[in-house]
Every structure is written in structure tokens, then in C-alpha cells.
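Following: one structure in C-alpha cells, then a few remarks.
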Amino acid sequence: MNSNPDDADDHELAATRTGWAEDRTLLANERTFAGWMRTGMACVALALGMKAVFGAFEPTWVAKIGASIFIGVALFIFWSAQQRSCEAHRRFTENDVAAQPTSRMTFTAALLAVGAVITGIILWML
């Protein structure tokens with residue numbers, strides 16, 4: 001069986017390209033996570049906007065429930081984005097890129113979720 005040096009070079013090049021593709025996918029996962037966090041924050045902003053626009057609306061509990069729905073959507077977005085991002089992150093084995101640790105994604109999502117809950121509480125107290 002003849003061993004062709006070009007075959008070894010091809011395999012090494014393929015492995016390198018595969019590693020780069022994995023790195024790009026990992027970075028895309030982090031950008032997607034950030035995008036979902038922004039979407040969740042937009043839901044919180046929409047809840048605040050509803051309170052500002054419909055503040056004089058009677059009965060006030062209707063506007064508060066509407067705002068609370070958006071707070072709930074934000075919480076769901078934070079939770080699901082964290083779950084999906086950490087799941088994708090764990091599938092990658094070798095990376096040349098210094099990836100965000102999953103604990104940082106979890107902390108970010110949890111912090112935004114706590115902020116959303118506090119915002120919801122404040123909206124109900126106004």
C-alpha cells in the first residue's frame with residue numbers, strides 16, 4: 001500500500017478547516033445568545049412603555065397584565081436562550097477560540113431575569 005504525502009497534507013488541511021468552522025460556529029452561537037438577550041430586554045422595554053402609555057388607563061390592572069405578559073415573555077426568552085446556548089456550547093470539543101464559559105451565559109441570563117422580575121414588581125406597585 002502506497003502512502004502518498006499529499007494525502008496526509010489533505011487530511012491535516014481538512015482537520016484545520018473543520019476546527020476553524022467549529023470556531024466560527026461557536027462564535028455565532030455567542031452572537032445568537034446576545035441577540036436573544038437583546039430581544040428579551042426589548043420585551044422588558046415594551047412592558048415599561050405600555051405602563052407609560054397606558055398609565056392613565058382604567059382599570060389599571062388591564063395595562064399591568066399586558067405589561068406582565070411581556071415580562072413573562074422576556075423571562076422565557078432569557079431562559080430558553082441560556083439553555084440552547086449552553087447546550088450548543090457543550091457540543092464543541094476543541095477550539096482555538098477562547099469561548100465564553102457557560103457559567104457566564106447562565107449568570108447573564110439570570111441577572112437579566114432578576115431585573116425583569118423586579119421591573120414587573122415595580123410596574124404592579126405604581
Side-chain angles (χ1 to χ4, degrees):
M1 186 161 150
N2 289 338
S3 173
N4 187 347
D6 289 338
D7 287 344
D9 290 341
D10 288 345
H11 289 301
E12 185 177 322
L13 183 59
T16 300
R17 287 182 177 166
T18 300
W20 290 342
E22 189 174 282
D23 290 343
R24 284 191 304 274
T25 304
L26 180 63
L27 292 171
N29 178 52
E30 290 178 2
R31 286 190 303 274
T32 302
F33 174 77
W36 281 111
M37 293 297 104
R38 285 188 299 273
T39 302
M41 290 304 297
C43 286
V44 173
L46 188 57
L48 288 170
M50 284 186 71
K51 175 62 179 153
V53 171
F54 298 115
F57 184 83
E58 288 296 330
T60 57
W61 62 267
V62 173
K64 289 178 180 183
I65 286 177
S68 297
I69 289 170
F70 286 103
I71 296 289
V73 170
L75 293 173
F76 176 75
I77 288 171
F78 296 148
W79 175 80
S80 63
Q82 183 273 335
Q83 292 292 310
R84 295 285 304 213
S85 185
C86 289
E87 177 185 310
H89 192 279
R90 284 189 282 273
R91 287 193 303 240
F92 299 112
T93 53
E94 54 181 77
N95 306 301
D96 291 330
V97 173
Q100 296 263 355
T102 56
S103 61
R104 189 172 296 163
M105 293 177 192
T106 301
F107 179 74
T108 300
L111 194 60
L112 290 174
V114 168
V117 168
I118 291 170
T119 300
I121 291 169
I122 291 169
L123 286 173
W124 274 93
M125 296 176 87
L126 294 178

Single-linkage hydrophobic cluster, 4.5 Å side-chain cutoff, M125 and V44 together: yes
Under 3.5 Å: donor-acceptor pair, side chain of N29, backbone of A88: no
For the student: nearest non-hydrogen atoms of W61 and W124, plus distance: O-CH2, 4.2 Å
Stepwise side-chain contact (heavy atoms from CB on, under 4.5 Å) check, T106 with C86: CA-CA 8 Å; T106 301; C86 289; 3.9 Å; yes
Separation between CZ of R104 and CD of Q82, rounded to the nearest 0.5 Å: 14.5 Å
Over all atoms of both residues, closest heavy-atom pair of R24 and R31: O-NH2, 4.4 Å
Distance-only donor-acceptor hits, side chain of residues 111-122, under 3.5 Å, sequence neighbours excluded:
residue	atom	partner	partner atom	Å
T119	OG1	G115	O	2.8

Where A81 and M37 come nearest, the two heavy atoms and their spacing: CB-CE, 3.6 Å
Stepwise side-chain contact (heavy atoms from CB on, under 4.5 Å) check, F78 with M41: CA-CA 9 Å; F78 296 148; M41 290 304 297; 3.9 Å; yes
Minimum heavy-atom distance A74-C43, with the two atoms named: CB-CB, 3.8 Å
Check: T32 and S85 side chains under 4.5 Å, non-hydrogen atoms: no
W36 atom CH2: more than 12 heavy-atom contacts under 6.0 Å: no
T60 side, atom OG1; I65 side, atom CD1 - distance, nearest 0.5 Å: 10.0 Å
Side-chain heavy-atom pair M50, K64 within 4.5 angstrom cut-off: no
